[in-house]
Amino acid sequence: DGSAPFGVSVNYENTAGCAASTATSETVSVDTAPTPTITGGLTVCAGDSESYGTEPGQSDYVWTVTGGSIT
């Protein structure tokens with residue numbers, strides 16, 4: 001699935017300047033970022049519209065359009 005395990009640990013001092021006796025450690029998986037694709041026509045005539053899509057099941061899309069509008 002593209003994930004890799006990494007170790008993360010934390011230690012700190014409290015307001016009195018006392019450090020914890022040992023750090024707390026966890027193993028976390030870091031997933032690789034997806035590579036988005038766009039499907040749809042590469043040429044659109046003036047006054048016409050075109051539909052575009054991307055991978056199904058994904059979320060939080062951020063679309064940017066230059067010289068047109070999204071409807």
Side-chain angles (χ1 to χ4, degrees):
D1 65 13
S3 64
F6 290 92
V8 176
S9 64
V10 63
N11 201 345
Y12 57 87
E13 291 183 0
N14 63 15
T15 56
C18 301
S21 58
T22 59
T24 297
S25 298
E26 291 290 336
T27 300
V28 296
S29 293
V30 178
D31 293 329
T32 56
T35 301
T37 60
I38 299 174
T39 58
L42 298 178
T43 303
V44 180
C45 294
D48 288 349
S49 63
E50 180 68 36
S51 294
Y52 294 92
T54 188
E55 294 82 9
Q58 302 301 313
S59 61
D60 296 328
Y61 290 107
V62 176
W63 290 87
T64 302
V65 175
T66 303
S69 61
I70 296 176
T71 55

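Side chains included, hydrogens not; waters and symmetry mates left out as well; all remaining heavy atoms used. As the structure is a computational prediction, the values presented were derived from the model and not from experiment.
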More than 12 heavy atoms of other groups within 6.0 Å of Tyr12 OH: no
Within 6.0 Å of CD in Gln58, more than 12 heavy atoms from elsewhere: yes
Separation of Thr37 OG1 from Tyr52 OH (nearest 0.5 Å): 13.5 Å
Gap separating the CH2 atom of Trp63 from the OG1 atom of Thr54, nearest 0.5 angstrom: 5.5 Å
N/O donor-acceptor pair under 3.5 Å between Glu50 side chain and Thr43 backbone: no
Where Thr22 and Asn11 come nearest, the two heavy atoms and their spacing: C-ND2, 3.9 Å
Shared hydrophobic cluster for Val30 and Val10 (ILVMFWY, side-chain gaps under 4.5 Å): no
